[in-house]
Protein chains: 2
Amino acid sequence: MSSAPAHEPAHEPATAELAVSTVIFALHAEPSSELPSLWLPLVRRTREPFEGQWALPGGWLPVDEELGKAAARTLNETTGLTPKYLEQLYTFGALDRSPGRRVVSVVYWALVQSDEAARAAEGENVRWFPADDLPELAFDHNLIVDYALWRLRTKLEYSRIAHAFLGETFTLAQLREVHEAVLQRPIDPANFRRTIEASKTVIATDEYLAGTPHRPPRLYRFDSTVHSANGDPADLGPLGRATPGKAS
Amino acid sequence: MSSAPAHEPAHEPATAELAVSTVIFALHAEPSSELPSLWLPLVRRTREPFEGQWALPGGWLPVDEELGKAAARTLNETTGLTPKYLEQLYTFGALDRSPGRRVVSVVYWALVQSDEAARAAEGENVRWFPADDLPELAFDHNLIVDYALWRLRTKLEYSRIAHAFLGETFTLAQLREVHEAVLQRPIDPANFRRTIEASKTVIATDEYLAGTPHRPPRLYRFDSTVHSANGDPADLGPLGRATPGKAS
């Protein structure tokens with residue numbers, strides 16, 4: 001017997017349907033809370049299945065659209081958000097994730113700065129929710145968010161996460177607040193300063209935070225030789241040349 | 001205007017077809033070469049498109065089969081390999097990757113030990129190739145292998161890579177050889193020992209390598225509190241509970 005060749009149908013091609021979804025995290029400070037926390041935009045479903053429940057922004061993959069472009073387009077159509085870069089997170093294909101049909105969803109994600117999140121549309125059917133306190137979402141979207149949160153908290157170095165949430169320059173206190181928000185626990189400022197300085201991922205500038213009359217804190221920037229998360233196509237290695245997940 | 005709801009078709013569901021492929025890396029020492037190097041199994045295509053060219057093991061996704069199970073099954077059918085764990089690598093969906101039709105491929109990967117690779121089938125239509133010196137493959141499979149190599153060399157900590165290629169216990173020289181093979185450059189033994197000891201990822205055992213009469217080298221094992229690559233469902237975080245990529 002000869003081996004079955006690669007990519008030859010042993011039966012009719014699959015009839016699983018392809019969709020894309022996006023998880024967009026932003027930092028958001030509630031007046032009632034000490035630490036800022038991670039929030040994400042959700043879209044209310046207006047049809048079955050899961051009518052009335054909240055779901056990640058997304059939609060079907062058109063046969064003539066790149067995966068990353070479909071994710072960016074459907075995100076923009078529902079929320080008005082246009083992150084400069086979407087990264088592929090994971091593809092979800094469990095048999096029972098959508099009732100009555102097989103849907104495989106390629107999920108993209110991005111971290112956006114608060115000012116971009118503030119510009120996003122909100123309305124009856126689009127709302128931001130705290131990532132750690134979500135209602136029961138449509139499909140397996142709670143699992144998708146859990147996985148994205150886990151990736152954010154365990155897989156990325158702290159400096160790379162923080163890079164995506166902050167501007168070009170920042171104080172060490174601002175950087176520490178990002179870490180506190182992602183990890184959801186207070187961090188000792190002196191320990192944090194020592195750890196960051198030892199990591200050599202940030203560089204002190206000659207500038208100081210404006211608008212602080214007494215002992216203004218120094219501004220830092222990230223060492224550009226260290227890769228950033230979400231914002232650097234080079235972080236995809238060979239795929240960066242083809243930029244398959246590039247949003248625009 | 002109201003926002004478009006999530007996951008509602010604005011047109012007919014996509015007709016992109018879904019396939020799975022696998023990249024399996026093993027270490028292989030050629031007598032002519034000083035360092036062992038990374039090899040992977042390929043399958044020769046016996047039909048158009050790309051008839052006669054080599055391709056990654058894979059096939060269509062049946063509508064009733066989990067993604068990881070389809071990857072494991074098609075890998076086994078073509079190569080006889082059954083890695084204990086396949087990890088999802090990336091989903092490739094460029095418009096032009098398959099002539100005349102839209103095919104989206106969910107790619108899985110695994111690192112296997114040499115003894116498992118040696119048990120794999122080889123024949124006219126299945127053969128192992130050096131990962132750094134491949135012929136022109138079918139579809140975008142050269143790009144997929146390049147991406148897998150880049151992930152292996154830049155994204156995983158060395159200890160986690162080595163864990164997947166070695167047995168339960170190993171000498172520091174064996175561990176160094178794995179690193180040399182992946183990075184394809186010699187590493188100074190004394191520097192390597194210092195780096196590994198400082199990383200605290202390996203633990204010295206009370207055992208020594210058998211069959212070495214004079215000053216047998218000590219055996220080490222990995223610290224099990226450090227995550228392993230390819231072999232630990234817990235490494236998928238929340239997904240590990242559902243083990244969506246589990247091969248069996």
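Atom set for the values below is all heavy atoms of this structure, side chains included, hydrogens, waters and symmetry mates excluded. Lettering of chains follows the sequences in order, A, B, ..., and the numbering in each one begins at 1.
In this structure, chain B has no heavy atom under 4.5 Å from any part of A:Thr74. In this structure, chain B has no heavy atom under 4.5 Å from any part of A:Glu124.
Side chains of B:Asn191 and B:Arg194: a donor on one and an acceptor on the other come within 3.5 Å. Inspection of the B:Thr15 and B:Arg101 side chains reveals no N or O donor paired with an N or O acceptor under 3.5 Å.
A search for ring pair (Phe, Tyr, Trp, His ring centres under 6.0 Å) contacts involving B:Phe92 returns B:Tyr90, not counting sequence neighbours.
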For residues 126-135 of chain B, tabulate all N or O donor-acceptor pairs below 3.5 Å that involve a side-chain atom, not counting sequence neighbours.
from: B:Asp132; atom 1: OD1; to: B:Arg153; atom 2: NH1; distance (Å): 3.4
from: B:Asp132; atom 1: OD2; to: B:Arg153; atom 2: NH2; distance (Å): 2.9

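With respect to chain A, the highest number of heavy-atom pairs below 4.5 Å among B:Thr91, B:Leu42, B:Leu89 belongs to B:Thr91.
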